[in-house]
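Following: one structure in structure tokens, then a few remarks.
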Amino acid sequence: MTLGERIKIVRKGAQLKQYEFAKKIGVAANTVTNYESDMRTPIEAIRVAICKEFGIHREWLETGEGPKDIEKDDDLDGIAYDIVNGERELPKKFLRLIASLDDKELSLLEKFIDILSKIEG
């Protein structure tokens, strides 16, 4: 199965016409036609938008391997994409900080998060 065929499966699964699907991912309707017929390959940002908008695993969309649908708690790619490409600086700063922590620091942060979650709950 081709990438275009998988895009068509996503669109039909959402019960959308090509122009409706196109609007949701930010392209022209004829572009979706070209994607579905494999005349054009969507750029990475469009593939990410399809996955995010329709809850699809990126690996499935791009290769046909693995599960198609993302479980609600399994969308780390989409969350990270939103943070990195968003305008808010605090989430970006927080991601950079977490990425720079060593194992000991991560363990301390995890304990702190556990304490906070007990206070909230």
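These numbers were taken from a predicted model, which means no experiment stands behind them.
Note: the hydrophobic cluster containing V32 also contains I9 (ILVMFWY, side chain heavy atoms under 4.5 Å, direct or indirect links). Cluster annotation: L3 is connected to Y35 through the hydrophobic network of ILVMFWY side chains, with a link wherever side-chain heavy atoms come within less than 4.5 Å. Residues L61 and I43 are members of one and the same hydrophobic cluster, defined by side-chain heavy-atom contacts under 4.5 angstrom among Ile, Leu, Val, Met, Phe, Trp and Tyr. At a threshold of 4.5 Å between side-chain heavy atoms, the hydrophobic network of Ile, Leu, Val, Met, Phe, Trp and Tyr places L108 and I113 in two separate groups.
Within the 3.5 Å criterion, the main-chain N or O of W60 finds no donor-acceptor partner in the side chain of T63. Side-chain atoms of E5 come within 3.5 Å of backbone atoms of T2 as a donor-acceptor pair (strictly under, hydrogens ignored).
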Side-chain donor-acceptor contacts of residues 15-31 below 3.5 Å, not counting sequence neighbours, with atom names and distances?
{"unit_1": "Q18", "atom_1": "OE1", "unit_2": "T33", "atom_2": "OG1", "d": "2.7"}
{"unit_1": "Q18", "atom_1": "NE2", "unit_2": "E36", "atom_2": "OE1", "d": "2.8"}
{"unit_1": "E20", "atom_1": "OE1", "unit_2": "K17", "atom_2": "N", "d": "2.7"}

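Within the model, atoms CZ of R40 and CD1 of I46 stand 9.0 Å from one another, a figure rounded to the nearest 0.5 Å. With values rounded to the nearest 0.5 angstrom, D38 atom CG is found 8.5 Å from R6 atom CZ. In this structure, SG in C51 is found 10.5 Å from NZ in K68, a value given to the nearest 0.5 Å. To the nearest 0.5 angstrom, L95 atom CG is 11.0 Å from S100 atom OG. Remark: R11 CZ to I7 CD1 distance equals 10.5 Å, nearest 0.5 Å. Here L109 contributes atom CG and L97 contributes atom CG; the two are 7.5 Å apart, rounded to the nearest 0.5 Å.
Salt bridge present: R58 and E44 bring a charged side-chain N and a carboxylate O closer than 4.0 Å.
Residue D102 places its CG atom among more than 12 non-hydrogen atoms of other residues, nucleotides or ligands, all under 6.0 Å distant.
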